[in-house]
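Notes follow once the structure below has been shown.
Atoms within each ligand, like the ligands themselves, are counted from 1 in listed order.
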Amino acid sequence: MANILVTGGAGYIGSHTCLELLNAGHQVVVLDNLSNSSAESLQRVQALTQKSLHFIEGDIRDGAGLDQLFQQHKIDAVIHFAGLKAVGESQQIPLAYFEHNIAGSISLAQAMQRAGVFKLVFSSSATVYDEANISPLNEEMPTGMPSNNYGYTKLIIEQLLEKLTIADERWSIALLRYFNPVGAHKSGQIGEDPQGIPNNLMPYVTQVAVGRREKLSIFGSDYDTVDGTGVRDYIHVVDLANAHLCALNNRLNAQGCRAWNIGTGNGISVLQVKNTFEQVNGVEIPFELAPRRAGDVATSFADNRRAIAELGWQPQYGLEDMLADSWNWQKQNPNGYR
Ligand code: NAD
Ligand code: WQD
């Protein structure tokens, strides 16, 4: 069992990962500045697991704070979720994205090096792939120039971390390229709680279902896909959380930097999401067909064979579970953690 620092652990994916880490018997320290989350998520993680974790409200950009954390806790490895993630916002305030995501990751890696901690699992994104690649996307395919500043920060961080492992063989780094995380823990006690109007499809759908939004706008119905709407690879957040535990195990006995896709390998259209949500949950989702959203691609789904073969990871949940669990969370928490 290991002592794990989870940056951004109060957030959507981080809270689910903390729960799985505690259930697996690890000790967990969370560092989060709560800029996009609530400490309530961690209270609920502790209630669900009947185990405690150590929460520090702080920022990854604060090197002195990180030094203190590493002095007070003997950390074996770091899972790094902290950062800003709103694609549209990243076009409005790019410097904030460069600072929190890129400078924040550098600050974290510097503090890790000072503390002699060299195992890192990083939250990357399928957005790093060149848009010219044809799905299923595999890890050998070229990365490209992401169409937005958020994606650009993920690409830069991946490259910086890879160079770090080349320069110093003590580092061992996993780059997990997430596809589209959705769903929630079965209990419905923790889940995705976006601030303001959701950017992503699933929280928008559940907010329409719960009556917080009038109708879903489907962005684009003239793509070259099964029904004209955009196709993505939705992955249950609990499966995604477990991928971090598998990557951690892999990195404890390895050197260097390696990327893994974390998706189910199934391409699902927006209309399929809407229709299946209605069937599984017995709730109607009013919708309109709207113009395409700038920056969207028609189709993106994973070739996940490398993660299955090398990490011993296997997604357990299908689309119906994802949609039922997203709704279970939203229904029990119509206003999220507030
Ligand atoms: P989230 O916003 O729920 O979690 C991120 C957490 O980091 C939040 O709790 C926030 O308060 C914290 N944070 C932000 N800046 C910080 C800073 N400077 N110092 C300390 N804490 C800080 O997002 P999420 O959906 O859980 O995503 C987690 C990670 O996964 C992010 O790096 C995100 O870019 C990446 N990712 C997410 C998706 C997705 O669709 N959700 C897809 C691919 C990659
Ligand atoms: C999915 C599909 C939309 C909202 C983004 C980021 C990516 C990663 C995950 C990470 C698309 C359509 C959406 C709506 C819609 N982020 N849609 N109506 O764009 O695949 O990926 O989130 O941190 O980097 O780019 O996810 O959920 O926004 O969209 O029709 O109200 O749903 O056009 O086809 P996307 P998404």
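- Within the listing of ligand 2, atoms 30 (O) sit less than 4.0 angstrom from a heavy atom of Ile218.
- The protein heavy atom nearest to atom 27 (O) of ligand 1 is Ile13 CD1, 3.7 Å.
- Using a 4.0 Å cut-off between heavy atoms, His80 makes no contact with ligand 1 at all.
- Counting atoms of ligand 2 from 1 in the listed order, those under 4.0 Å from a heavy atom of Asn180 are 20 (O), 21 (O), 26 (O), 35 (P).
- Near Leu34, meaning under 4.0 Å from one of its heavy atoms, ligand 1 places the atoms 11 (O).
- In terms of protein heavy-atom proximity, atom 16 (C) of ligand 1 is closest to Asn33 ND2, 3.3 Å.
- Here the two rings, on His244 and Phe122, have centers that are 6.0 Å apart or farther.
- Near Ser125, meaning under 4.0 Å from any of its heavy atoms, are these atoms of ligand 2: 24 (O).
- Within the 4.0 Å heavy-atom shell around ligand 1 one does not find Gly104.
- Listed by number with element, the atoms of ligand 2 under 4.0 angstrom from any heavy atom of Asn199 are 4 (C), 28 (O).
- Listed by number with element, the atoms of ligand 2 under 4.0 Å from a non-hydrogen atom of Val270 are 2 (C), 12 (C), 30 (O), 32 (O), 34 (O).
- When non-hydrogen atoms are compared, ligand 2 lies under 4.0 Å from the side chain of Tyr234 (C-beta onward) but not from its backbone.
- The N/O atoms of Pro181, backbone and side chain alike, include none that comes under 3.5 Å of an N/O atom in ligand 2.
- At under 3.5 Å, not a single nitrogen or oxygen of Tyr204, backbone or side chain, sits near a nitrogen or oxygen of ligand 2.
- Remark: the backbone N or O of Asp222 is paired with a side-chain donor or acceptor of Arg292 at under 3.5 angstrom.
- Taking every heavy atom of Val87 and a limit of under 4.0 angstrom, the matching atoms of ligand 2 come to 6 (C), 25 (O).
- For atom 42 (C) of ligand 1, the choice among Tyr178, Tyr234, Phe81, Tyr97 with the nearest heavy atom turns out to be Tyr178.
- Atom numbering of ligand 1 starts at 1 in the shown order; those under 4.0 Å from a heavy atom of Ser37 are 8 (C), 9 (O), 11 (O).
- Residue Ser124 places a heavy atom under 4.0 Å from ligand 1.
- Listed by number with element, the atoms of ligand 1 under 4.0 Å from a non-hydrogen atom of Tyr150 are 33 (C), 34 (O), 35 (C), 36 (N), 43 (C), 44 (C).
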